[in-house]
Amino acid sequence: MDKWVNFPLFAITSIVLWVIGFAFISVELFNNQKTGLRRAGIVLSILGSIVFASFIVLLWISLERPPMRTLGETRLWSTFFLATAGLIVYLRWRSFLFVLVYGYALLLAFVFLIINLVHPEIHEKALMPALQSPWFVPHVVVYMLAYALLGLSCGVGMFGLVALTIKKYDEKILVLGDNMVYLGFAMLTFGLLFGALWAKEAWGHYWTWDPKETWAFLTWLAYLIYLHFRYYHPNKTKTHLWILSISFIVLLICWFGINYLPSAQNSVHVYSN
Amino acid sequence: MSTEQSPRKALWDYPWGYTESFIIAAELLIFGFIIEFLTGGQGLAPISMPYNFYILAIFAGVLIVMRVFYSQNPVIKWLSGVPAAISSIVAFGLITLLMGFIPQIETPSSRFIDLIGLTHLKNGWPILLIQVFLLTSLGMVCLKRATSLKLKNIGFLLNHFGLWLTLVAALMGSGDLKRLSINLLEDGKSNNIAISRSNEAYKLPFELKLLDFHIDEYIPRLVLVNPKTGAFIQEKGEKVITIEQGKTYTLKNWEVTVEKFAPDVVPQDSGSFLEKEIPGSYPAAFVRIKNKIDGKTTEGWLGTGSFAYNPTYLFLQDDVIIALTMPQPKKYRSQVIVSENNVVKDTVTIEVNKPFTINGWKVYQLSYDENKGKWSTLSVLEVVSDPWIKIVYIGIFLMLGGSVFLFWTGRQRIN
């Protein structure tokens, strides 16, 4: 049975839980005291993630393969990771700023979710032999985690630029961005290197400058530049915020954009129908 | 350390900062494109053993000498600093960006874009010069940090030296990398002649004989097709139907019951189908179809067809036919006898993602006669020899360790 037909039900349930959960949590924006409402919000948010995760698990079972082959399937993972990572980041620091980060994470999660609702793909069970490997799941999972974290860091960058313009900038903003980039970059490196090790087993060589590899490498370089520039010139705040915001565009081209590039028409990484 | 330039410093006064670094990186790039053009725009032929090894030894030696004896020289200081690092990363990024937008080709012709190397950047002069710049800067930094092995420096070295090793081994190793393909037929004969991408024959130090090539296929899908365009009539997000005996499916206005599904049939002259597994046989299904609007029923065979026979389908309407898709391969594998000097060594099964290793060569399942599908008697294997792979792996594992470090410690507070 194809479980995708149930997607709207699960998706809308999750959205409702996340939105109400977030609304309860953001009461904090107006009221600094701990309230029962906020606790309820956290519980609802967790429930939202659980409902969404159940859908992924059911889809996995019904397809009899990991739901990671098509772009639509990877969007499911990023929706889940974004919503969940946003909540975890909020629970870790619990301050005003992090309520906004959580809100931004949810917004980004909803964009990916709505694309899947409006443009559902044809999901089939067939998984081409090249993807049948123990590397498949870790490779995609670390990448989707990296994308979620770096997506958050882009939001932090843009938020910081706005804060700078209205003269409300606080050094905490970039420290938050740094934490996300360090985690995200570690994940990005894992994804890239797992991919190289897998490519050696599947295609005979660890690096062939396939368009997806080229763009993945560019993404990696962009964040590499951020890390170095940030570390050695800690006071060039505006440049840091711009690098954070722009690097995510490179990442998005790597993830979706290359499907539209003439240079990528022969990529071995395009698995959609 | 401070690399900020004071406003009074003239260009090229020491210490060099970002301006000088980016000028040097840009000059290297432009210089690279010029040499590429002057040397005919065919890219660089990679250097193989033992010369690549000598070059690496000299390069590493020069780095060490520079570090040990000339560490106070302002140019060496600059090479070990952040502006050189960032400008070389940016220049490498720029070449990669060009590669990301300009379609890259294997055999350049004589268009201007080919002559300056823009269509084969991965083995051209610009990337080589920038890589040497990057590797010098990265190497100097590693040597600088290697002198004190504090915990913080270990994480640093895992990442930086790992990257240096990986890049160096990939660059130097490209001259010794052999990626060849070999065609094996189920004809009982051994073969040891592999062919390179530029169609040169290469004699392998072992022989391969194909015992059996086998494909497992996915069950075909039941689809509606527009006979004029050949396109599937399918809504986005609609579920995919893999055919199953005894099931009833609804496609648009039709209810389709699968009375029988047979994985292998051969059509008979009488128009009936015989269940038999012989070369050219294919999956077929006997279906009964009811039009939900007018209640009319039809029945008949649907077959995927194969290289030997045409597919069978049914017209539901002038512009709608119902058919089975050609089955997709699920797994394909070759059972191969490996021998050396005509002495049988082993019988192995080679599958996609499951290569076989012999004497430093890796043998991969690459392809088959796609026209014949599961009846292909041809198996195409890829044979790869990459003597530098171990160094690449060491580099990769160092970087993985470095990433764990990065993940664990996160950002060290500065200031």
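Every chain is numbered from 1 and lettered A, B, ... according to where its sequence line falls, protein lines coming before strand lines. If you're wondering where the values come from, they're calculated on a predicted model, not measured in any experiment.
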So for [X], is it side chain, backbone, both, or neither that comes closer than 4.5 Å to the heavy atoms of chain B?
X: A/Ala222; value: neither
X: A/Trp220; value: side chain
X: A/Thr208; value: both
X: A/Leu127; value: both

Under 4.5 Å from any heavy atom of chain A - which part of [X]:
X: B/Leu163; result: side chain
X: B/Ile219; result: neither
X: B/Phe101; result: both
X: B/Val392; result: side chain
X: B/Asn353; result: both
X: B/Phe92; result: both

>> Please evaluate residues B/Leu97 and A/Trp215 with respect to the criterion side chain to side chain contact (heavy atoms under 4.5 Å, CB included), reporting the C-alpha separation (whole Å), side-chain torsions for both, the decisive distance (0.1 Å), and the verdict.
In response: CA-CA 8 Å; B/Leu97 198 65; A/Trp215 282 94; 3.9 Å; yes
>> Out of B/Glu382, B/Met99, B/Gln328, return the one with the most heavy atom pairs under 4.5 angstrom to chain A.
In response: B/Met99
> When heavy-atom pairs shorter than 4.5 Å are enumerated against chain A, which of B/Ala170, B/Pro329, B/Ser403 gives the highest number?
Replying inline: B/Ser403
>> Can you confirm if the aromatic rings of A/Tyr206 and B/Tyr393 lie within a centre distance of less than 6.0 Å?
In response: no
